[in-house]
2 protein chains.
Amino acid sequence: MMILMPANSPTSLDDEVEIRPPDSRDKILEVAEGLFAYGGYSGVGMRQLAAMVGLSKSALFHHFPTKIDLYEAVLDRVLVRIEHGLNGAAIHEGDPVAQLDAWVDAVVCTLAEDAPAGRLMMRALVDEEPFPAISLGVGANGAEPDRELMIFEVRLAGIVERFGGLLERGIAEGVFRAVPTGDAILNVVGTLVFYFASGDLGEALVGESIFSHSAVSRRRREVSQFIRGGLLA
Amino acid sequence: MMILMPANSPTSLDDEVEIRPPDSRDKILEVAEGLFAYGGYSGVGMRQLAAMVGLSKSALFHHFPTKIDLYEAVLDRVLVRIEHGLNGAAIHEGDPVAQLDAWVDAVVCTLAEDAPAGRLMMRALVDEEPFPAISLGVGANGAEPDRELMIFEVRLAGIVERFGGLLERGIAEGVFRAVPTGDAILNVVGTLVFYFASGDLGEALVGESIFSHSAVSRRRREVSQFIRGGLLA
DNA sequence: GTCTATACGATGATAGAC
DNA sequence: GTCTATCATCGTATAGAC
């Protein structure tokens with residue numbers, strides 16, 4: 001389990017002491033991620049969470065003033081991991097097809113590394129009131145969004161936008177089929193995330209844990225072929 | 001909104017009087033479907049539901065002894081619609097490619113007809129403790145499942161099995177790529193369902209309501225092409 | 001930062017009268 | 001079938017001591 005720094009935090013070495021008190025907050029987020037993934041937002045109780053993390057209920061409310069704040073922090077942490085995986089991959093090298101492969105593989109590998117992430121992402125994507133930031137271009141124009149945007153939403157909008165750009169370049173070069181990017185993005189996201197959110201259903205279908213080594217390496221091949229087949233000209 | 005009969009109910013004409021008291025139970029299911037789709041299982045209160053349907057809370061508990069019973073009934077009703085859509089389509093005529101097209105289109109059309117269905121299905125698929133019935137072959141052998149199966153799960157297992165059979169026939173005939181059926185099923189289900197579960201995110205990406213007439217007719221084309229590309233040899 | 005104590009509303013569910 | 005009344009429990013949040 002890697003330790004990640006927020007993408008926008010200024011990196012200075014002597015902050016180390018202050019930045020990482022490897023303490024309660026991280027443990028809360030870790031446990032909460034599993035619980036939210038399992039039971040959804042409404043299915044998790046702060047009492048229950050506090051007990052599992054070994055803290056008092058009120059100590060928990062000290063770290064996260066409200067339940068939704070905790071939820072946002074958990075979601076954002078997962079997205080930071082995905083962003084990190086994308087940044088570490090060669091998604092800007094080679095032709096659009098190679099970039100697509102790198103993109104897909106990076107997401108698959110990140111979701112394969114911690115089990116709750118896929119389910120959590122799928123829940124967040126399905127839950128209502130998500131992500132108008134995408135249609136706004138994330139602050140590209142001066143129009144204020146009609147409600148407070150979650151950090152999580154802005155981060156997701158950035159990722160989706162980068163993928164949309166890749167799609168458009170591939171279409172312009174003629175290597176991808178000329179498809180509406182909206183539908184294509186939904187196809188790819190659905191395919192990528194659903195496998196890792198499918199839990200027991202997925203296990204019943206593939207015949208072993210969807211997170212086992214062999215299942216994941218098979219998945220990397222299969223999802224890449226499926227998406228290439230669906231997108232390439 | 002069509003009136004459907006359970007697939008296994010004996011069809012006799014004079015049952016009509018008894019079968020359809022077009023009454024409270026249906027109204028409860030209708031409202032509950034919307035609520036569960038919007039807020040998930042834990043996010044819906046029986047008080048709230050009773051108020052919206054115009055009943056007392058205890059009257060509600062008379063129709064459905066427990067909340068989970070209601071939830072199962074709602075899920076099953078959606079699956080019955082999907083089953084009905086599949087039965088009405090030409091999924092047994094022509095070569096496997098034609099059957100695949102009929103299959104995909106039938107599911108898309110059913111999910112397009114009532115908005116909560118897709119979101120509800122995605123939630124149910126992501127929720128834990130689903131569907132070991134699939135690996136058991138739905139009563140094909142004598143082994144008892146280790147817990148009570150929901151009607152809903154058995155019905156889903158049947159649908160998934162039929163699709164798995166179609167995949168295997170297509171692979172045997174050489175018209176589909178030789179892929180592991182488990183991964184392929186998850187790819188198709190994820191692609192099919194996620195679009196109709198994506199709500200505001202989907203709307204932001206496709207530029208209009210995902211249930212609008214133009215969006216749905218575009219979707220029928222796009223998802224068919226995407227899945228064909230991903231599966232065909 | 002962490003704890004105990006307390007409060008309030010809402011929840012799922014039950015019992016019994018009409 | 002539908003209602004009112006009631007129950008214990010939960011989620012959420014606050015206040016204040018250590």
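All values derive from a computational prediction rather than experimental measurement. Each chain gets a letter, A, B and so on, in the order the sequences are listed, and its residues count up from 1.
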In this structure, how many angstroms lie between the C1' atom of C:dT11 and the CG atom of B:L49, rounded?
13 Å
Report the distance from atom CG of B:L60 to atom P of C:dG12, rounded to the nearest whole Å.
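Roughly 10 Å, once rounded to whole Å.
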Ring pair (Phe, Tyr, Trp, His ring centres under 6.0 Å): which pairs involve residues 180-206 of chain B, sequence neighbours left out?
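Only B:F196-B:F211 qualify under ring pair (Phe, Tyr, Trp, His ring centres under 6.0 Å).
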According to ring pair (Phe, Tyr, Trp, His ring centres under 6.0 Å), who are the partners of B:F61, at least two apart in sequence or on a separate chain?
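B:F61: no ring pair (Phe, Tyr, Trp, His ring centres under 6.0 Å) contacts found.
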Whole-angstrom distance between D:dT12 and C:dA5, as gauged at atom P:
22 Å
Over 60° means perpendicular and under 30° means parallel, so tell me whether B:Y71 and B:F36 are parallel, tilted or perpendicular.
perpendicular
In terms of side-chain geometry, is the basic nitrogen of B:D114 or B:R119 positioned less than 4.0 Å from the acidic oxygen of its partner?
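A salt bridge is absent here (no side-chain N lies under 4.0 Å from a carboxylate O).
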Output all residues satisfying salt bridge (charged side-chain N to carboxylate O under 4.0 Å, His left out) with B:D183, sequence neighbours left out; order by chain, then residue number.
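Scan of B:D183 (salt bridge (charged side-chain N to carboxylate O under 4.0 Å, His left out), adjacent residues dropped) gives A:R218, A:R219.
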Checking A:T66 side chain against A:D69 main chain: does a donor-acceptor pair fall under 3.5 Å?
no
Spell out protein contact along nucleotides 6-18 of chain D as letters: B when the base is contacted, S when just the sugar-phosphate is, - when no protein heavy atom is under 4.0 Å; keep the 5' to 3' order.
-----BBBBB---
Hey, where does DNA chain D pair up into stems, meaning at least three consecutive Watson-Crick or G-U pairs with distances under 3.5 Å?
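DNA chain D stems, ordered by first number: C:1-6 with D:13-18, C:8-18 with D:1-11.
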N or O in side chain of B:H63 less than 4.0 angstrom from D:dT2 OP1/OP2:
yes
Hits for side chain to side chain donor-acceptor pair (under 3.5 Å) against B:R220, two or more places apart or cross-chain, chain-then-number order -> B:D105
Rounded to the nearest 0.5 Å, what separates atom NE2 in A:H213 from atom CD in A:E208?
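Between A:H213 NE2 and A:E208 CD, I get 10.5 Å after rounding to 0.5 Å.
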